[in-house]
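Some notes on the structure that comes next.
All values derive from a computational prediction rather than experimental measurement.
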Amino acid sequence: MFSFDKSSRSISGLCSGLMFAVLPAFALAESAGHYGYGSPATEEQIQAWDIDIRPDGQGLPEGSGSVEEGMGIYETYCSSCHGAFGEGMGRYPKLSGGEGSLTEDRPEKTIGSYWPYASTLWDYIHRAMPFFAPQSLTDDQVYALTAYVLNLNYIVDGDFVANKDTLPQVKMPNEDGFIWEDPRPEVTNVRCMEDCKDEVTVSDSAADKNLTPSTTGPLDEGLTE
């Protein structure tokens, strides 16, 4: 047998009221998303972020630009940092030269000596250059700059016109210098909780696989012994 006084009925009524007041908030959170914040991205918002260009050229937009057109654009927006001929200014990086230097103690990783794909050049200029006003260039200007920088590295001729069809066909000098299959051993394993081995030996490692720069110190000596 249960008895209720006025105070218990008041508390019960208050809890019921709060429950009904909170229910619409839960329903709103469920419709707006897991945490009830934000709204679905529009196609226009997605396109503003979806600007990456793949090695095969997928994602390149319409437009075109020639080496000659790129020369003037380069002088206006790029030469103050990268030099008149891509030789670099101060601490700003070189864009040209460095052929055959990748095996030296101080390799010059320029567009011509190191980069594997021409589409990567378009992608980087488009998203990050010029340094003082990134993403301010038109697609045609980016195509023209890409053509000009490739010409500075003697990769394309002076009459080359870059567009979404011609750019993926450009063969970069160091394209075959990249290994796209990860040679590191698989190290993921399930933790042993019973009947475990008393001793575990390493059957493979990353030593002598040129995966990281040499430290010329005790670490290297230990790995190669």
Side-chain angles (χ1 to χ4, degrees), residues 41-79 81-88 92-104 107-184 210-211:
T42 65
E43 288 296 326
E44 184 179 0
Q45 290 172 327
I46 293 174
Q47 290 177 5
W49 284 94
D50 185 17
I51 61 174
D52 63 292
I53 309 300
R54 299 185 182 181
D56 61 0
Q58 184 173 341
L60 284 170
E62 298 291 342
S64 65
S66 66
V67 174
E68 184 177 358
E69 293 168 336
M71 181 185 299
I73 300 172
Y74 182 89
E75 291 176 353
T76 301
Y77 296 103
C78 314
S79 60
C81 295
H82 298 291
F85 300 100
E87 71 277 15
Y92 291 101
K94 296 181 179 180
L95 301 182
S96 61
E99 297 87 349
S101 69
L102 296 183
T103 57
E104 299 177 357
E108 294 184 0
K109 296 182 179 181
T110 69
I111 306 299
S113 70
Y114 183 71
W115 288 31
Y117 300 112
S119 58
T120 308
L121 178 57
W122 196 100
D123 181 281
Y124 187 77
I125 294 174
H126 176 238
R127 74 172 62 241
M129 294 289 114
F131 178 73
F132 49 84
Q135 298 189 30
S136 62
L137 300 174
T138 67
D139 291 343
D140 288 341
Q141 287 177 315
V142 176
Y143 273 121
L145 280 174
T146 302
Y148 182 69
V149 173
L150 290 174
N151 179 255
L152 283 178
N153 286 276
Y154 304 102
I155 297 174
V156 299
D157 296 330
D159 59 353
F160 177 74
V161 177
N163 56 48
K164 68 176 185 178
D165 296 319
T166 61
L167 200 56
Q169 298 177 18
V170 174
K171 174 74 173 181
M172 299 296 280
N174 194 43
E175 180 177 337
D176 296 331
F178 283 77
I179 300 175
W180 301 110
E181 294 183 1
D182 192 343
R184 293 174 295 183
N210 296 323
L211 299 179

So, for [X] and [Y], which heavy atoms are closest and what is the spacing to 0.1 Å?
X    : Y    : result
A147 : G65  : CB-O, 3.8 Å
D140 : G63  : OD1-CA, 3.1 Å
G112 : P173 : O-CG, 3.3 Å
L102 : K109 : CD2-CG, 4.2 Å

Can you confirm whether more than 12 heavy atoms, excluding those of [X], are under 6.0 Å from its [atom1] atom?
X    : atom1 : value
Y154 : OH    : no
E68  : CD    : no
I179 : CD1   : no
F160 : CZ    : yes

Is there a donor-acceptor pair closer than 3.5 Å between any side-chain N or O of [X] and the backbone N or O of [Y]?
X    : Y    : answer
N151 : V67  : no
S119 : R54  : yes
S101 : E104 : no
Q45  : T42  : yes
N163 : D165 : yes
S113 : S96  : no
E69  : S66  : yes
E75  : I73  : no
T110 : G97  : yes
Q141 : T138 : yes

Is [Y] close to [X] at the side-chain level, that is, under 4.5 Å between some pair of heavy atoms?
X    : Y    : answer
S136 : P130 : yes
L60  : L167 : yes
V161 : S64  : yes
M172 : I155 : yes
W115 : F178 : no
H82  : K94  : no
D123 : Y117 : no
Y124 : M129 : yes

> Given I53 and Q58, is the side-chain contact (heavy atoms from CB on, under 4.5 Å) satisfied, shown in steps?
Replying inline: CA-CA 6 Å; I53 309 300; Q58 184 173 341; over 6 Å; no
> Would you call the rings of W122 and Y143 parallel, tilted or perpendicular, where under 30° means parallel and over 60° means perpendicular?
Replying inline: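 Tilted, since the angle between the ring planes falls between 30° and 60°.
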>> Ring-plane angle category for Y74 and Y148, please: parallel below 30°, perpendicular beyond 60°, tilted otherwise.
In response: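 If you compare the ring of Y74 with that of Y148, the planes turn out tilted.
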>> If you apply the rule side-chain contact (heavy atoms from CB on, under 4.5 Å), what do you find for R127 with V142, and how did you get there?
In response: CA-CA 10 Å; R127 74 172 62 241; V142 176; over 6 Å; no
>> Within this structure, what is the CG-CG distance for the pair L95 and L121, rounded to the nearest 0.5 Å?
In response: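 Spacing of CG (L95) from CG (L121) equals 8.5 Å.
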>> Return the CD1 to CD distance between I46 and E43, rounded to the nearest 0.5 Å.
In response: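 Those atoms lie 5.0 Å apart.
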> With the threshold set at 4.0 Å, does a side-chain nitrogen-carboxylate oxygen contact exist between D139 and K164?
Replying inline: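 No, this pair does not count.
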> With T120, which residues qualify under side-chain hydrogen bond (donor to acceptor under 3.5 Å, both in side chains), at least two apart?
Replying inline: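 Applying side-chain hydrogen bond (donor to acceptor under 3.5 Å, both in side chains) to T120 gives none.
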>> Show, in sequence, the C-alpha distance, side-chain angles and deciding distance for H126 and I51, and conclude whether the side-chain contact (heavy atoms from CB on, under 4.5 Å) test is met.
In response: CA-CA 9 Å; H126 176 238; I51 61 174; 4.0 Å; yes
